[in-house]
Number of protein chains: 2
Amino acid sequence: MAARGPAGSVTIEDVARAAGVSRAAVSKVIRNAYGVSPAMRERVTAAIEALGYRPSVSARGMRGKTFTLGIEIPELSNPFFPMLLTGATAALSGSPYQLIIAPADPAHSEGYRAIQALVDRQVDGVIAVSPLVEPAWLSELSATVPVVMIGRHDRAEGYDTVVSDDEAGARQVMRHLFELGHRDIAHLTGEGARTRPGSGVPQAIRLEAYRTAMQEAGLGDRISIARAADVTADAHRTALRLLSGAERPTAIFACHDEPALGVLRAVADAGLTADDVAVAGYDGIEIAAHPGISLTTVHQDGERMGRLAVELLLERIAGRTEARHEVVEPDLVVRSSTRPPRPRGAATRLGALGDH
Amino acid sequence: MAARGPAGSVTIEDVARAAGVSRAAVSKVIRNAYGVSPAMRERVTAAIEALGYRPSVSARGMRGKTFTLGIEIPELSNPFFPMLLTGATAALSGSPYQLIIAPADPAHSEGYRAIQALVDRQVDGVIAVSPLVEPAWLSELSATVPVVMIGRHDRAEGYDTVVSDDEAGARQVMRHLFELGHRDIAHLTGEGARTRPGSGVPQAIRLEAYRTAMQEAGLGDRISIARAADVTADAHRTALRLLSGAERPTAIFACHDEPALGVLRAVADAGLTADDVAVAGYDGIEIAAHPGISLTTVHQDGERMGRLAVELLLERIAGRTEARHEVVEPDLVVRSSTRPPRPRGAATRLGALGDH
DNA sequence: CATGCTGTGTAGATTGATCTCCATCGCTCG
DNA sequence: CGAGCGATGGAGATCAATCTACACAGCATG
């Protein structure tokens with residue numbers, strides 16, 4: 001409400017003096033500890049209010065809790081991550097905990113630095129999102145502070161995880177494309193550690209699901225995997241290459257929505273439409289629903305994932321020790337970026353005209 | 001690089017023991033303070049390395065600096081704000097400072113809680129972004145800790161500001177629309193404090209620029225201001241109302257890109273196109289450049305603004321006391337969402353057909 | 001040879017809160 | 001009437017760093 005003066009430098013000592021009690025008494029009132037008479041609580045509360053006292057988190061951190069949860073996030077420019085934050089902050093509203101975010105500059109040593117920064121600040125719990133932070137390192141870390149990893153499918157002992165069922169989601173996409181009649185389906189994904197089988201990274205699992213689906217459909221020889229070092233940044237270029245190649249796919253399944261947007265751009269730049277090349281993404285970012293984009297995608301409930309992560313953390317702080325691994329079900333959302341392929345022999349407009 | 005064990009509980013005391021020196025000596029080495037022989041520096045550095053020591057930010061905070069800068073951000077879902085963060089983190093890379101972000105749940109008492117949380121954590125500087133935090137409160141705060149406000153045009157004494165020249169940007173939009181031949185231009189904006197004249201809030205300044213431009217063009221009687229309590233959420237609905245009214249504007253200028261996306265959606269839903277209604281936004285978010293959107297907008301260099309904010313903060317920490325107010329020039333980016341209005345008497349397609 | 005200076009290292013106070021004892025007070029009960 | 005007890009409040013240690021004041025060695029100078 002009204003601007004209560006900022007922290008200034010009023011300490012617990014000042015409050016104690018103002019209320020005519022000891023520091024310990026004030027501390028008890030703040031912490032809702034045992035051994036406080038209603039009268040004293042009254043006096044102390046009044047003094048706190050009058051002086052605008054706010055406990056120093058640093059001083060608290062010296063002995064125990066900081067009432068701070070930290071979340072480390074790579075590339076906030078990808079709208080999926082803010083969804084996590086929305087859920088996480090919502091889950092904390094009303095609790096005494098405050099969420100702080102450490103951005104992980106993907107250019108440098110990724111998540112490590114950011115998570116370290118959070119630990120240095122003695123957060124009471126850490127949510128990790130960068131997919132490339134080693135599980136062993138997280139395990140070691142989880143001996144010190146509760147940890148939840150969002151997104152990666154490691155079923156670790158020491159820390160909890162919240163994931164979306166990436167395999168099921170990717171299979172839904174493939175089934176949808178098959179049902180439309182597509183056979184030449186390319187998959188656009190990243191390179192290196194992000195797609196190593198068994199890494200548990202979403203991209204890797206979606207890639208594997210793509211491969212399996214193709215094989216199961218008897219299309220093993222048509223598997224086409226386009227890789228880009230930085231999928232998001234290079235999606236457009238990579239897609240252009242794919243589209244101008246001799247064997248143009250009739251559908252492109254991108255491992256995320258952001259690269260899928262680049263693919264859509266490439267399709268437009270190549271003078272093609274959704275009737276020529278179907279495009280599907282993954283994540284379910286909001287803009288995908290816009291009529292100008294209308295991207296078929298798999299919606300992951302990011303808010304729910306963020307909320308779950310916070311809840312798991314609070315449980316850990318409350319004392320739980322055995323690991324929990326939550327899986328959220330994704331939903332395929334079909335939009336107009338995926339349509340049936342043109343009938344054979346009608347690969348281009350001119351061809352179609354000549355045929356009739 | 002390799003996973004150095006996380007903070008665990010190795011203190012300066014442990015390092016001192018391992019190196020065979022006093023705590024004070026270790027402290028000096030860490031802080032690069034005067035009075036350290038090369039030999040001792042060597043020994044201490046080795047011990048720090050060997051033990052994987054990391055100074056406790058809390059303990060540091062007890063006496064002075066935390067090497068932490070805090071930025072408070074409302075609605076991260078709006079892609080403009082992540083741009084600020086990109087610039088801010090870039091400006092800090094290589095410095096000993098770490099940026100932490102406090103999300104300001106716009107549902108509650110807005111920025112206050114978030115900024116308070118940062119101050120409670122004794123950050124060495126605060127970047128405020130929420131437009132509705134009172135200047136007086138910020139001034140008071142700035143007596144305690146350096147403050148930079150991003151976005152709002154208050155030329156305060158106590159704190160610095162970084163703004164984009166919203167008046168110039170809005171005028172560019174209006175000139176562009178006039179040049180295309182538009183006369184019936186509506187402005188979509190928010191309500192209440194956000195648009196109060198003299199508040200210095202971007203929305204207010206853009207609104208004023210719209211009004212002035214219309215008046216200067218002799219179109220004072222055609223001024224049409226559509227307001228929504230939550231512009232972003234209600235843009236679609238409000239635009240639909242605007243489009244179905246008796247006096248449909250030929251152009252809509254939205255105060256931000258996010259609402260402009262909603263307007264575009266409304267235009268499509270009403271069965272209209274850019275030839276019927278021109279749409280312009282403001283901010284220059286990335287998706288505006290996508291061919292499926294192609295939104296005319298005013299590009300604000302968010303990265304630069306974030307970088308500037310950090311630089312100002314570091315200057316303040318280094319000792320500057322007089323206020324600085326940086327203005328970044330915006331650029332109009334014309335895309336296909338703004339086209340000339342249909343010639344008179346050709347307001348609808350049917351009409352156009354009948355006319356020829 | 002006493003004095004002063006410089007360069008190096010340490011002792012110990014300090015910071016703001018928490019938390020473990022411990023003291024006190026007012027009762028009840030044997 | 002003294003012991004015991006529950007309820008309440010306080011004294012003081014503690015946490016991990018910083019920083020001032022000081023000690024001390026080595027060396028030059030008058």
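Computed over heavy atoms, backbone and side chain alike; hydrogens, waters and symmetry mates excluded. Here is how names work: the chains are called A, B, and so on, in the same order as the sequence lines, proteins then strands, and each is numbered from 1.
A donor-acceptor pair under 3.5 Å links the side-chain atoms of B:Asp124 to the main chain of B:Thr66, judged by distance alone.
Pairing each heavy atom of B:Pro146 with each of B:Ile317, the nearest pair is CG-CG1, 4.2 Å. Heavy-atom minimum distance, A:Arg43 versus A:Val21: NH2-CG1, 3.4 Å.
Atom NZ of B:Lys65 and atom P of D:dA16 are 23 Å apart (whole Å). Distance A:Arg17 CZ to D:dG9 P: 20 Å, rounded to the nearest Å. Summarising the geometry, the separation between CD1 on A:Ile48 and P on C:dG16 is reported as 16 Å, rounded to the nearest angstrom. The nearest whole Å value for the distance from the NZ atom in B:Lys28 to the P atom in C:dG7 is 12 Å. Here D:dA7 presents its P atom at 15 Å from CE of A:Met40, a figure rounded to the nearest Å. Atom CD in B:Glu13 sits roughly 14 Å away from atom P in D:dT18 (whole-Å rounding). The distance from atom CG of A:Asn32 to atom C1' of C:dT18 is 15 Å, rounded to the nearest whole Å. In this structure, A:Arg60 places its CZ atom 18 Å from C1' of D:dA16, rounding to the nearest Å.
Counting only N and O atoms by type, the side chains of B:Thr86 and B:Glu303 include no donor and acceptor under 3.5 Å apart. Under 3.5 Å, the side chains of B:Arg121 and B:Thr68 contain no donor-acceptor pair of N or O atoms. Using modelled atom types, one finds no donor on one side chain facing an acceptor on the other under 3.5 Å when comparing A:Glu326 with A:Thr161.
Within the 4.0 angstrom heavy-atom criterion, base atoms lie near A:Ala24. B:Val21 comes within contact range of the sugar-phosphate backbone alone, with a heavy-atom separation under 4.0 Å but no base atom that close.
For A:Phe67 and B:Ala25, each mapped to the nucleotide of DNA chain C holding its nearest heavy atom, the one lying further toward the 5' end belongs to B:Ala25.
Comparing atom distances between the A:Arg23 side chain and each of D:dT18, D:dG9, D:dG12 picks out D:dG12 as nearest. The side chain of A:Ser22 has D:dA11 as its nearest neighbour among C:dG16, D:dA11, C:dT18. Nearest to the side chain of B:Met62, among C:dG16, D:dT18, D:dT8, sits C:dG16.
Contact check, B:Ser27 against D:dT18: a side-chain N or O comes under 4.0 Å of OP1 or OP2. Applying the 4.0 Å criterion to OP1 and OP2 of D:dA16, one finds that B:Ser56 has every side-chain N and O outside that range. A sub-4.0 Å separation between OP1 or OP2 of C:dA17 and a side-chain N or O of A:Ser58 is absent. Proximity of A:Arg31 to the phosphate of C:dC19: a side-chain N or O atom is located under 4.0 Å from OP1 or OP2. The phosphate of D:dT20 (OP1 or OP2) has no side-chain N or O of B:Tyr34 nearer than 4.0 angstrom.
With hydrogens and angles ignored, a donor-acceptor pair under 3.5 angstrom links the side chain of A:Arg63 to the base of C:dT18.
Note on the helix from C:dC1-D:dG30 to C:dG30-D:dC1: terminal axis deviation equals 70°, with five pairs used at each end and the result rounded to 10°.
Using the six-membered ring where Trp is involved, A:Phe67 and A:Tyr97 have ring planes that are tilted, between 30° and 60° apart.
With salt bridges taken as basic N to acidic carboxylate O contacts below 4.0 Å, one links B:Asp120 and A:Arg54.
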